[in-house]
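Only one structure is covered here, and it is reproduced in the block below.
Every chain is numbered from 1, with letters handed out A, B, ... down the list of sequences.
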Amino acid sequence: MRDQPKAAELLDWYDQHARKMPWRVGPADRKAGVAPDPYRIWMSEIMLQQTTVAAVKDFFLRFTTRWPTVQDLAAAKDEDVMGEWAGLGYYARARNLLKCARHVTDELGGVFPDTYEDLLKLPGVGPYTAGAVSAIAFDQAATVVDGNVERVMSRLYDIHTPLPAAKPELTERAAALTPSKRPGDYAQAVMDLGATICSPKNPACGICPWRSPCIARRQGTAAELPKKTPKKPKPTRVGTIYVARRVDGAFLLERRPDKGLLGGMLGWPGSEWQEAKVAEHQKPISAEWKTLPTEARHTFTHFHLKLTVKTALVPMDRTPNQGDFVAQQDFRPSDLPTVMRKAFDLAFVKAGN
DNA sequence: CAGCCGTGGAC
DNA sequence: TGTCCAAGGCT
C-alpha cells in the first residue's frame, strides 16, 4: 500500500521554506506565541482573492498604514477607500471591505468573529475566506480550499475530473488531510507549496515534500492537472470616452454606480460599451472635441475593449450634462481604475495637454 | 449554476 | 500580439 500524504511532512517543509509576507506571522514567531491580527489577516485575504501576492503587497501596506485598525477603516470615506483600491481590480471587494469593517465596528464591537460559520456571514467573505481567516487568524482546523489547494489535491490523488465539477471531491480530500495541530500554518503551507513547487506549469516535483505519496507525479500527469472546462472566447466591445479639462485645470469626472463594472469607481464620462457599433450619443459637455489618433485598449475578465478617446479644453462658462468638474488639486490619477488611467495617459501625458 | 467582475505578469 | 492564470464572491 502506497504511503499517504502527511501534514507533518508539509509542516516540516514550511518551517524551512515559508514565504515572508507583510501580513504573515511566520512559523517561528507563531510557535513563540505571536498571534496574528485578525484585521490584517482578513484584509490580506480579501485582497488576495484572485490576485497575486506580488500585486497585493503594496496595496496592503498602504491600506494598513492609512487605516491601522478596523475602526479606522470603518470611519473612512467611501471615495478614499475606492481610490486606494484603484488598480487592484474586482472593485466589489472594496465596497464589501468597507461594508464589513463598518458592520464589525458598529454591530460586533470591533471584534472579528472567530468561527467559520460567523465569518461566512460577513460581506465579501465566502467559503475560502471564512476558512482562511478562521485557520490563520484563530488557528482553527478549518478546511481551506483555494486554487492552490485544488491543484495540489488533484495531483496528489490524480483526479482528472475537470473543475469546477471536481470541487466537492477536492474539498473532501483537503478536509481529510487537514490536521488538528497547527492548522493555521498548515493552511498557509499548502498554499505556499502550490505557489512555489506544485505550480501550474513545470511543477518542481523533484524537491516536493509530498513527492512520495503523489499519484500524479508517478503517473506523469502532474503538469496537466487540474483539468478545467474550456473557457468561452472573449468578445470585443467598443465605446467612446470623453476626457475633458477646463481652462482652470479642473477635470470632468463621474462616480460610477455601485452595481456593475468598475462599480463605485471614478471615471470619465462616455458611451455604453457594446459589441455592436456605438450609436451616436450625447457628449457630456459642449466643447470643441478632438479625437485622439490612438484608441485605448483594455481587457477585462470577460471582454476586450477598444475605446475611442475624445478630448477637449472647456471654457469656464459651460455646464456639464454628465459628470462633475473636479479641481486639479483634488484629483489623483492613481484614484482611477486602470482603463480610465489609460485614457488619461493618452489624453494628458502622451498628447501633452 | 453559469455569468459577471480587473489587473498585471508569465510565457 | 494572445492566452492563461492568481489566496473567490455574488447573483
Please measure how far the P atom in B:dC4 lies from the corresponding atom in C:dA7, and state the result in whole Å. 24 Å

C1' atoms of C:dT1 and B:dG8, separation to the nearest Å: 16 Å

Run through A:R62, A:R66, A:R332 and flag the one making a salt bridge (charged side-chain N to carboxylate O under 4.0 Å, His left out) with A:D80. A:R66

Could you label the plane-to-plane angle of the A:F300 and A:H298 rings as parallel, tilted or perpendicular, counting under 30° as parallel and over 60° as perpendicular? perpendicular

Got a sec: does the CZ of A:R297 have more than 12 other heavy atoms crowding it under 6.0 Å? no

CD of A:E288: more than 12 outside heavy atoms within 6.0 angstrom? no

For A:W23, report the nucleic acid contact type (base, sugar-phosphate, nothing); a contact means any heavy atom under 4.0 Å. base

Nucleotide range of DNA chain B contacted by chain A, 5' to 3', under 4.0 Å to a heavy atom? B:dG3 to B:dG8

From the list A:D192, A:D37, A:D29, salt bridge (charged side-chain N to carboxylate O under 4.0 Å, His left out) with A:R24 holds only for A:D192

Given the rule that I, L, V, M, F, W and Y join up when any side-chain heavy atoms are under 4.5 Å apart, are A:W210 and A:M191 in one cluster? yes

Across the strands shown, which category fits A:I46 at heavy-atom distances under 4.0 angstrom: base, sugar-phosphate, nothing? nothing

Which part of the nucleic acid, if any, lies within contact of A:M265, taking any heavy atom under 4.0 Å across all strands shown: a base, the sugar-phosphate backbone alone, or nothing? nothing

A:K342 near the nucleic acid: base, sugar-phosphate alone, or nothing, with a heavy-atom cut-off under 4.0 Å? nothing

A:Y90 or A:P164: which one's nearest nucleotide on DNA chain B is closer to the 5' end? A:P164

Classify A:G194 by what it touches in the nucleic acid, base, sugar-phosphate, or nothing, heavy-atom distance under 4.0 Å. nothing

With a 4.0 Å cut-off on heavy atoms, is A:T301 in touch with a base, just the backbone sugar-phosphate, or nothing at all? base

Side chain A:R237, main chain A:K306, donor-acceptor under 3.5 Å: no

Reckon A:K232 touches a base, only the sugar-phosphate, or nothing at all at heavy-atom distances under 4.0 Å? sugar-phosphate

Any base atoms under 4.0 Å from A:V53, or only sugar-phosphate, or nothing? Heavy atoms, all strands. base

Return the minimal non-hydrogen interatomic distance between A:R255 and A:G264, and the atom names on each side. NH1-O, 3.0 Å

When the nearest nucleotide of DNA chain C is assigned to A:T52 and to A:H304 on a heavy-atom basis, which residue is associated with the more 5' position? A:H304

Got a sec? Which of residues 118-130 of chain A come in under 4.0 Å of DNA chain C, heavy atoms? A:P123, A:G124, A:V125, A:G126, A:P127, A:Y128, A:T129

Does the plane of the ring in A:W23 sit parallel, tilted or perpendicular to the ring in A:F60? Use 30° and 60° as the thresholds. perpendicular

Could you check whether A:N96 and A:R93, counting side-chain N and O atoms only, form a donor-acceptor pair closer than 3.5 Å? no

Between A:R151 and A:T299, whichever has its closest DNA chain C nucleotide further toward 5' is A:T299

Can you check the distance between C:dG8 and B:dC1, where both ends of the measurement are the C1' atom (answer in whole Å)? 15 Å

Over 60° means perpendicular and under 30° means parallel, so classify the ring planes of A:F63 and A:W85, tilted if in between. perpendicular

Span that lies between the P atom of B:dG3 and that of C:dC4, in whole angstrom: 16 Å

Start and end of the DNA chain C segment that chain A contacts, any atom under 4.0 Å from a heavy atom: C:dC5 to C:dC10

Determine the contact category for A:R297: base if any of its heavy atoms lies under 4.0 Å from a base atom, sugar-phosphate if only primed atoms, P, OP1 or OP2 are that close, otherwise nothing. nothing

According to the interplanar angle, ranging from 0 to 90°, do the rings of A:Y39 and A:F112 count as parallel (below 30°), tilted (30 to 60°) or perpendicular (above 60°)? tilted

